[in-house]
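One structure is given here, and the rest of the page talks about it.
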Amino acid sequence: MLDLRMMTESLAAETVPGLYSSVNARPLGDAHAGLHAGAGTDFIAVLWLRAGEIQAAPILRWILFVVVTACAAGMTIEVVRRRIAYIRLGAPAIFERHRPSGKERSFGREVFGQRKLLKDIRSGIMHVIYFYGFMVLQFGALDLIWKGLSEGEPLPLPYYGYFAWFQEITACLVLLAVLYGAFRRYGEKLPRLKRGWKASLVLWFIGGLMLTVLFSGAFERVAKSGGESASANAPPAEERMALVSAPPAEERMVLVNATQSDAGMSLVNAVQSDAGMAPVDATQAAQDAASMQAALTGAGLASANTAHSLSDDATHAQQISGELLSARYAPVSAGIAHLLLRAGVEENGKLARAGFELFWWLHLLILLSFMLYVPQSKHFHLLVAPVNLWYRRNAPRGRLSPLNLEDEEAESFGAGKIEHFSQKQLVDLYACVECGRCTNVCPAASTGKLLSPMHLMIKLRDHLTEKGAAITSKSPWLPSAFWQTGERGNHAHAMGALLPAWSGSGGELTAGGKALRTNITPTMEAQGSTWMKREEADPRELELIGDVMSEEELWACTTCRNCEEQCPVGNEHVDKIIDMRRHLVLMQGKLPTDGQRALQNIERQGNPWGLPRAERAAWIDECERRTGVRVDTMQERRRSGKLPAILLWAGSMGAYDTRSRRVLFDLVRLMRHAGLDFAALGPEERSSGDTARRIGNELLFQELCKDNIALLQKYEVRHIVTACPHTFNTLKNEYPDFGLDAAVRVEHHTELLARLVRDGRLQPRNTIDERVTIHDSCYLGRYNDSYEAPRALLRSIPGITVQEMERSGSNGMCCGAGGGLMWLEERSGARVNYARTAQALEVKPSVISSACPYCLTMMEDGLKGLAADDKVIARDVAELLAESVLDD
């Protein structure tokens with residue numbers, strides 16, 4: 001049998017001297033320049049031929065590559081396994097696929113659309129480039145690694161030229177994003193971003209990867225450019241081509257094809273399993289090709305089915321070769337290569353090859369180091385965040401998980417230790433990006449309180465990692481753990497001495513101590529200076545509340561959930577704070593004195609002030625005196641045998657607070673004007689329990705909840721309307737956990753009134769010439785996604801001009817009354833309601849409108865505190881609508 005391999009090698013050696021010269025001298029892509037985009041047989045042939053090249057690659061490089069990669073991959077997997085073990089220390093959680101109930105909960109929008117990141121358009125675009133850039137560049141990394149292992153051969157990809165061009169452009173975009181990220185952190189010095197060497201480490205990693213991609217490509221071009229110009233008759237690089245055809249299964253063969261270029265010159269390229277060829281003289285090449293074709297035909301090894309049309313294939317191969325070899329497909333690396341040549345780096349010289357070798361190894365080592373660094377840093381979110389979003393709770397936003405207070409085996413309630421949190425809550429900690437978006441919008445952090453939602457997650461994560469390592473005896477850090485000596489866990493992070501309360505600086509406060517601008521810098525600095533490593537401390541002995549989180553931080557939270565609204569990875573901060581409050585209240589009996597007083601009053605009299613329970617129905621008589629409208633009680637309607645269609649839930653504020661009663665009276669007038677059939681509970685009504693639950697007294701909440709549900713069932717209530725968003729949220733989203741029929745309709749008064757206006761049952765006609773700005777209630781907006789109803793009502797009133805604040809809607813700032821803080825005094829920093837009122841005054845309104853009795857009280861107090869109550873008033877939306885609809 002004719003040895004085709006020996007024959008072609010002999011012919012090639014005679015025809016083209018230097019065929020077996022260094023493979024580094026071969027033109028880029030010659031080994032597969034003839035690959036057809038849709039030709040499967042050619043693709044298989046390239047892979048077959050490449051397999052032989054592996055054997056020719058330096059064995060030492062392969063050994064080092066395998067060892068280094070295996071070590072890095074092994075350590076990375078082990079680091080991830082250890083952190084999963086730490087997470088499993090938490091209380092068992094059911095990980096079920098989240099079923100989106102709306103567009104804001106869409107997994108695809110959060111992960112691939114980067115929806116929340118793009119709220120800050122500049123940093124959002126930067127992270128989009130990071131996100132998709134890394135996806136794209138993984139293929140380029142594989143190509144670069146393969147080049148180093150196969151002595152310069154790229155991956156056999158169709159349209160390789162476009163692939164190479166896209167890789168270089170993407171690398172440049174990512175590099176620009178790195179520079180912009182460094183500028184934002186260290187140039188602009190955004191207060192929400194941490195600084196220091198740890199924060200900059202990822203920038204060096206990513207920047208190093210991009211630079212090694214570009215410089216390895218540049219040195220590769222220089223190392224091969226000498227081969228491209230070795231022959232005086234060599235055509236430009238973009239005109240060289242090669243054809244690879246799939247041989248019969250029993251033998252491999254090489255086809256040497258010749259074609260005539262437009263200039264009358266012939267081009268011959270050959271692809272063989274061990275080496276590439278340089279172009280040769282056109283006349284000799286044509287003769288050799290004809291001779292070889294005749295020899296193959298005579299041997300019975302060529303036929304019409306195994307040979308292509310020379311002219312057609314040469315033209316197609318030339319197009320592919322142009323894509324692969326033209327410098328326009330490597331605009332950046334070609335430019336760098338040009339600079340290297342001008343700097344004295346010789347074509348196809350040792351320095352060029354050494355440069356490629358250096359940057360190839362640098363790219364590999366940086367890539368593997370980054371891979372190992374990711375799970376040991378905040379960048380673990382790259383792996384955890386999609387999981388966190390995928391398994392996000394499929395429940396109403398902000399709904400707290402009930403405690404089983406009848407569990408006789410329970411040793412503790414709430415979260416007094418890190419392992420008391422659920423496993424899903426612990427996943428949150430490793431998903432944290434440390435972007436600071438949560439702290440940036442936090443009303444506590446913005447007014448100088450110690451609480452920072454970002455640092456909450458960081459401190460809990462650090463404590464979990466250190467305590468998990470101590471419990472499992474598995475160090476969280478590799479490879480440093482290999483040379484660690486001494487007992488592990490002999491140090492841990494803990495809170496140090498707390499700084500004094502913020503007194504204001506730089507114009508944030510007036511001389512009287514009234515907040516004019518929010519500023520998170522003091523809180524960020526305080527957290528950075530108090531969270532420190534404590535030597536000789538055992539993390540198993542540290543107290544979660546006291547050593548990790550201070551009570552001051554826990555009682556500063558208004559539960560507004562803006563931190564969660566801004567978080568790009570779906571973290572939940574409020575439930576963790578409430579769980580720690582529960583432990584303080586239920587297990588330790590610790591809470592601020594004014595909070596304890598409010599809870600005792602609710603328990604004894606059913607209201608936070610401790611006013612007599614018998615006075616709860618006094619608002620009904622006063623309403624009749626002021627408006628002439630008598631509101632029946634459910635008890636009276638039941639005796640008459642005709643229960644109403646709607647239950648009007650007055651709430652503690654509406655029943656007792658003089659200012660809130662005026663809102664309730666106007667609501668009653670509007671409902672009667674629209675012809676609605678409604679009644680109230682009167683003296684039977686009690687607190688909904690929202691205050692008790694948010695403060696942490698789950699026991700009191702559940703008692704109130706069960707009593708109220710029994711009362712609602714007694715009167716067969718199917719529709720509830722309330723003017724308090726806190727009551728609205730509790731009845732609608734949390735009572736169903738304790739037995740309230742989910743079919744019971746719970747409606748906020750703005751939603752009801754907007755529907756009545758839309759249906760024509762209420763018609764605003766009186767003109768009100770006011771410039772109105774809207775303060776959004778957190779429990780109406782972020783908890784229940786109801787932003788439009790108050791605005792629709794205001795727009796329906798003739799004469800009113802609506803002027804939005806800079807922070808409005810989903811990014812609106814809390815008034816400071818949520819989370820039970822309505823009844824707690826602020827003891828540090830500036831008052832939250834002063835800061836919010838100042839934001840409202842910036843748009844120069846004549847009226848600050850709200851839809852919550854808590855917000856109304858806080859805005860009025862803020863106007864008085866800022867001495868603006870003589871020019872601006874605070875009014876509920878229902879009051880403005882009643883003035884326009886009703887003739888007094």
Side-chain angles (χ1 to χ4, degrees), residues 115-125 184 188-193 435-449 453 504 506-510 514-524 558 560-568 770-778 780-782 785-788 790-791 794-795 800-818 829-852 855-856 858-860 862-863 865-866 868 871-875 877:
R115 185 180 66 88
K116 288 191 175 181
L117 284 169
L118 288 170
K119 287 184 176 181
D120 182 343
I121 190 64
R122 294 189 298 167
S123 67
I125 293 175
R184 282 175 65 83
E188 286 187 271
K189 295 184 178 180
L190 296 182
R192 66 179 174 87
L193 297 178
C435 62
R437 286 173 171 82
C438 52
T439 297
N440 199 48
V441 298
C442 176
S446 299
T447 55
K449 315 298 191 294
E508 285 81 14
L509 302 180
T510 65
K514 302 174 182 64
L516 296 180
R517 279 195 293 270
T518 57
N519 184 4
I520 66 171
T521 301
T523 299
M524 294 287 289
T558 66
C560 69
R561 286 193 62 255
N562 203 357
C563 51
E564 298 177 9
E565 177 68 27
Q566 301 300 323
C567 181
E770 299 284 2
R771 180 181 174 88
V772 180
T773 190
I774 304 175
H775 166 75
D776 292 281
S777 164
C778 303
L780 182 62
R782 279 187 288 271
D785 199 28
S786 182
Y787 299 103
E788 179 57 27
R791 289 166 170 78
L794 292 176
R795 288 196 298 265
I800 281 186
T801 301
V802 177
Q803 182 63 46
E804 295 283 2
M805 286 184 259
E806 181 180 356
R807 289 188 59 178
S808 63
S810 61
N811 192 36
M813 182 174 168
C814 179
C815 71
R831 293 181 62 87
V832 175
N833 64 319
Y834 285 7
R836 183 55 172 166
T837 304
Q839 292 174 1
L841 293 176
E842 288 178 356
V843 299
K844 297 179 172 53
S846 59
V847 175
I848 301 176
S849 177
S850 62
C852 170
C855 296
L856 181 63
M858 300 302 272
M859 292 297 102
E860 285 194 333
L863 288 171
L866 297 179
K871 300 178 182 178
V872 183
I873 60 175
R875 302 188 70 183
V877 175

**OP:** Any salt bridge (Lys or Arg N to Asp or Glu O under 4.0 Å) involving residues 804-816? Give me the pairs, sequence neighbours left out, ordered by first then second residue.
**Re:** R791-E804
**OP:** Would you please test L841 and T773 for side-chain contact (heavy atoms from CB on, under 4.5 Å) and show each step?
**Re:** CA-CA 9 Å; L841 293 176; T773 190; over 6 Å; no
Original post:
So how far is it from S777 OG to Y787 OH, rounded to the nearest 0.5 Å?
Top reply: 9.5 Å
Subject >> Contact summary for P845 and A840, nearest pair of heavy atoms >> reply: CD-O, 3.2 Å
Original post:
At their closest point, which heavy atom of V877 faces which heavy atom of S849, and how far apart are they?
Top reply: CG2-OG, 3.2 Å
**OP:** Nearest 0.5 Å please: distance from the CZ atom of R831 over to the SG atom of C815.
**Re:** 10.5 Å
**OP:** Show your reasoning for whether side-chain contact (heavy atoms from CB on, under 4.5 Å) applies to M858 and T837.
**Re:** CA-CA 9 Å; M858 300 302 272; T837 304; over 6 Å; no
Original post:
Considering only heavy atoms from C-beta outward, does the side chain of S846 approach that of R771 to under 4.5 Å?
Top reply: yes
Original post:
How many angstroms lie between CG in N833 and CE in M859, if you round to the nearest 0.5 Å?
Top reply: 6.0 Å
Subject >> side-chain contact (heavy atoms from CB on, under 4.5 Å) between N562 and C778, intermediate numbers included >> reply: CA-CA 8 Å; N562 203 357; C778 303; over 6 Å; no
**OP:** Using salt bridge (charged side-chain N to carboxylate O under 4.0 Å, His left out) as the criterion, point out the one residue from R437, R782, K119 that pairs with E565.
**Re:** K119
Original post:
Mind checking whether T518 and Q839 have side chains closer than 4.5 Å, heavy atoms only?
Top reply: yes
**OP:** Please report the shortest heavy-atom distance between P443 and T558, naming the atom on each side.
**Re:** CG-OG1, 3.5 Å
Original post:
Looking at V802 and L794, what are the two nearest heavy atoms and their distance?
Top reply: CG2-CB, 3.9 Å
Subject >> Heavy-atom side-chain contact between I848 and E860 under 4.5 Å >> reply: no
Original post:
Which value, rounded to the nearest 0.5 Å, describes the distance between Q803 atom CD and I800 atom CD1?
Top reply: 13.5 Å
Original post:
About how many Å separate CG of N811 and CD of Q566, when rounded to the nearest 0.5 Å?
Top reply: 4.5 Å
**OP:** Please report the shortest heavy-atom distance between R836 and I774, naming the atom on each side.
**Re:** NH2-O, 4.4 Å
Subject >> Minimum heavy-atom distance between L117 and S123, given as atom pair plus value >> reply: O-OG, 4.3 Å
Subject >> Distance in Å, N440 CG paired with D120 CG, rounded so as to fall on 0.5 Å steps >> reply: 8.5 Å
Original post:
Do L863 and I873 come close enough that some side-chain heavy atom pair is under 4.5 Å?
Top reply: no
Subject >> Check against side-chain contact (heavy atoms from CB on, under 4.5 Å), M813 and V832 >> reply: CA-CA 9 Å; M813 182 174 168; V832 175; 3.9 Å; yes
**OP:** Ignoring hydrogens and angles, tell me if any N or O in the side chain of D776 forms a donor-acceptor pair with the backbone of G809 under 3.5 Å.
**Re:** yes
